[in-house]
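What follows is a short report on a single structure.
Along the sequence shown, the residues carry numbers beginning at 1.
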Amino acid sequence: MKRRQFLHTLAATAAAPLVIPREVFGGDGTPSANERIGVAGIGVGRQGSYVFFQTLKDKRTQAVCVADVFLPRAQSIAKRAGLSGDDAAYQDYRRLLERNDVDAVISATPEHWRLRTCVDSARAGKHIYVEKPMSLKVSEGRAIVDEAHKAKVVVQTGSMQRSMRANAIGCKFIREGGLGKISEVIAANYESPWEAALPEAPVPDGLDWKMWLGDAPFMPYHPDLFAPRANPGWLSFRPFSGGEVTGWGTHGLDQIQCALGMENSGPVEIIVTGEKLVPPTYTAPESRDRGNKLCSQPRLAFRYENGIVVHLGTPEGRESNRGGAIFVGEKGKMEIFRGRITSNPAELAQTLLKESPIRDQSHTSNWLDCILSGETPESECEVGHRTASLCHILNIARYVGRSLKWNPTEERFIGDDDANALL
């Protein structure tokens, strides 16, 4: 069988770990060039290029090509990856998906392009590593999941904290009742996005600005809109992003969903305290400080069906770190960070870290493992969708300025047409 047929058959049918015959390996024990997973990058800016090169560190992969609406950037990344020729870098990602030597793609576009790149990749039969948040809207996330499952491709969402040893140990301990009954969870007070009306600036040579905008309303090019984090960057602006609620929130809130065993569901109520959010409009470049201060209100909390309430900060101003949360239980308290856990009593976390058999792993290598074995990756697309959905409904609650009931099965608000219209 050709490599593509082999990989798809394997992902669809494998029920046991893959044993690769010795004869398909090169002399140094790594797979020969014809048997490596062909990897391509879609959107190879700051995060996209990082994940692309992290993936290429695995000897089971080989770089094939990259695509970016800013063609000079794509060409630069292709050169760094040792690629050359007219087929090494594309401006339109759809040309990349036509190639038979591309087995897997890394999609790290701005959030408003997630739906198209992921759905097109799934339909082309490519396995997908998609940066978090997985979607810009709840409905888009569900569409990505449906298309990926239909195509039987392996999707890993870039919530890499799930592959960090300390995070995995802490979440497993809490999920299995190690802290006893959880009475309270405290998260960070993540900020919602605001509006952009930046002045027009000259479009750089080689940038297809209309394609970058995609389905979003037209806005003139400005460097502080084009960059993810600048003054302030697209990550702070609607309709390109969910702000820090989806930026950092898809890390910290994902850890909460994991630790509470709610990663395939969601809360049943969003609790709003304060007046509705009226986002400011930035008409000139400035830092995120003003927008973040205004868009951290009203205060939010959410409740799961089991009664556990998660607070995005307390009225007294107490918050967790942005990458995790504080869990308060009958037997103690634990805070999960990025790559570490602490507890009260202190020996609780110290013993766990010393004795747990869980190992650190590469999030991208976990994705590659699952492409070859057919197993489920640490942050499969349903998990990524549920975390992103939680972020989106928190933002919607701020926009409508009232508490909302949520049905995590139907993925709809109960009895609130205005809120459902924002989905």
Side-chain angles (χ1 to χ4, degrees), residues 132 159-191 244-245 247-274 296-360 378-379 383 386-387 390-391 394 397 403 408:
K132 39 62 59 186
S159 299
M160 73 281 195
Q161 292 182 175
R162 283 180 175 255
S163 291
M164 295 179 181
R165 181 174 184 266
N167 294 63
I169 290 171
C171 287
K172 183 176 186 290
F173 179 74
I174 295 168
R175 187 169 59 248
E176 295 180 349
L179 287 181
K181 184 178 180 180
I182 301 297
S183 60
E184 183 182 33
V185 182
I186 302 172
N189 185 22
Y190 305 107
E191 300 88 0
E244 295 299 350
V245 174
W248 270 106
T250 39
H251 287 303
L253 298 176
D254 181 70
Q255 293 293 286
I256 293 171
Q257 295 261 103
C258 183
L260 298 182
M262 301 303 296
E263 57 191 358
N264 289 301
S265 182
V268 296
E269 182 181 15
I270 309 296
I271 304 162
V272 177
T273 304
S296 61
Q297 300 293 331
R299 303 204 71 84
L300 300 173
F302 56 93
R303 179 178 62 83
Y304 291 105
E305 192 172 20
N306 59 13
I308 295 176
V309 176
V310 178
H311 299 273
L312 271 65
T314 67
E316 301 78 30
R318 186 183 179 207
E319 297 184 35
S320 77
N321 69 90
R322 299 214 142 198
I326 300 168
F327 299 84
V328 182
E330 296 172 306
K331 301 178 182 179
K333 180 171 64 175
M334 179 171 288
E335 184 166 9
I336 297 177
F337 299 77
R338 171 168 288 188
R340 65 190 181 101
I341 55 175
T342 60
S343 65
N344 185 5
E347 57 268 20
L348 191 63
Q350 293 167 358
T351 301
L352 280 172
L353 291 170
K354 182 179 179 180
E355 298 180 355
S356 175
I358 294 175
R359 295 183 178 182
D360 222 357
E378 291 290 346
S379 190
V383 170
R386 293 291 185 167
T387 296
L390 171 57
C391 297
L394 288 170
S403 297

Would you call Glu316 and Arg299 a salt bridge, taking side-chain N to carboxylate O under 4.0 Å as the test? no
Distance-only, no hydrogens or angles: does the Arg338 side chain make a donor-acceptor pair with backbone N or O of Asn321 under 3.5 Å? no
With rounding to the nearest 0.5 Å, note down the distance linking OG in Ser265 to CD in Gln257. 7.5 Å
Among Asn167, Ile336, Thr250, side chain to side chain contact (heavy atoms under 4.5 Å, CB included) partner for Gln161: Asn167
For Arg322, does its backbone N or O pair with a side-chain atom of Tyr190 as donor and acceptor, under 3.5 Å? yes
Looking at CE of Met164 and CD1 of Ile358, how far apart are the two atoms once the value is rounded to the nearest 0.5 Å? 14.5 Å
How far apart are the C-alpha atoms of Leu390 and Met262, what are their side-chain angles, what is the distance that settles it, and do they pass the side-chain contact (heavy atoms from CB on, under 4.5 Å) test? CA-CA 11 Å; Leu390 171 57; Met262 301 303 296; over 6 Å; no
Between Ser320 (side chain) and Ala188 (backbone), is there a donor-acceptor pair under 3.5 Å? yes
Working note: Leu253 + Leu394, criterion side-chain contact (heavy atoms from CB on, under 4.5 Å); need CA distance, chi angles, decisive distance, verdict. CA-CA 11 Å; Leu253 298 176; Leu394 288 170; 3.7 Å; yes
Can you tell me if Glu305 has over 12 outside heavy atoms packed within less than 6.0 Å of its CD? no
side-chain contact (heavy atoms from CB on, under 4.5 Å) evaluation trace for Phe173 with Ile341: CA-CA 11 Å; Phe173 179 74; Ile341 55 175; over 6 Å; no
Please lay out, stage by stage, how Met160 and His251 fare under the test side-chain contact (heavy atoms from CB on, under 4.5 Å). CA-CA 8 Å; Met160 73 281 195; His251 287 303; 3.7 Å; yes
Would you mind reporting whether Lys181 and Lys331 have side-chain heavy atoms less than 4.5 Å apart? no
Any donor-acceptor pair under 3.5 Å from Asp254 side chain to Thr387 backbone: no
Of all heavy-atom pairs linking Phe327 and Leu179, the shortest is O-CD1, 3.7 Å
Can you tell me how far the CD atom of Glu184 sits from the CD1 atom of Ile186, to the nearest 0.5 Å? 4.0 Å
With a 4.5 Å cut-off on side-chain heavy atoms, are Val309 and Val185 touching? no
Can you name the residues that form a salt bridge (Lys or Arg N to Asp or Glu O under 4.0 Å) with Arg303, not counting sequence neighbours? Glu269
Check: Pro345 main-chain N/O paired with Lys333 side-chain donor or acceptor under 3.5 Å: no
Return yes if some donor-acceptor pair links the side-chain N/O of Ser183 with the main-chain N/O of Gly329 below 3.5 Å, else return no. no
Return yes if some donor-acceptor pair links the side-chain N/O of Asp360 with the main-chain N/O of Arg165 below 3.5 Å, else return no. yes
Residues which pass ring pair (Phe, Tyr, Trp, His ring centres under 6.0 Å) with Phe337, listed by chain and number, not counting sequence neighbours: none
Identify whether the distance between the nearest side-chain nitrogen and carboxylate oxygen of Arg175 and Glu263 falls below 4.0 Å. no
Would a 4.5 Å heavy-atom cut-off, applied to side chains only, mark Thr273 and Pro298 as touching? no
Closest non-hydrogen contact found for Ser379 with Ser159 is OG-CB, 3.9 Å
So which atom in Ser296 and which in Asn189 form the shortest heavy-atom distance, rounded to 0.1 Å? O-ND2, 3.1 Å
Which value, rounded to the nearest 0.5 Å, describes the distance between Ile326 atom CD1 and Ile256 atom CD1? 10.0 Å
Minimal heavy-atom distance between Met334 and Gly170, with the atoms involved, is SD-CA, 4.1 Å
Any side-chain heavy atom of Arg386 sitting closer than 4.5 Å to one from Pro408? yes
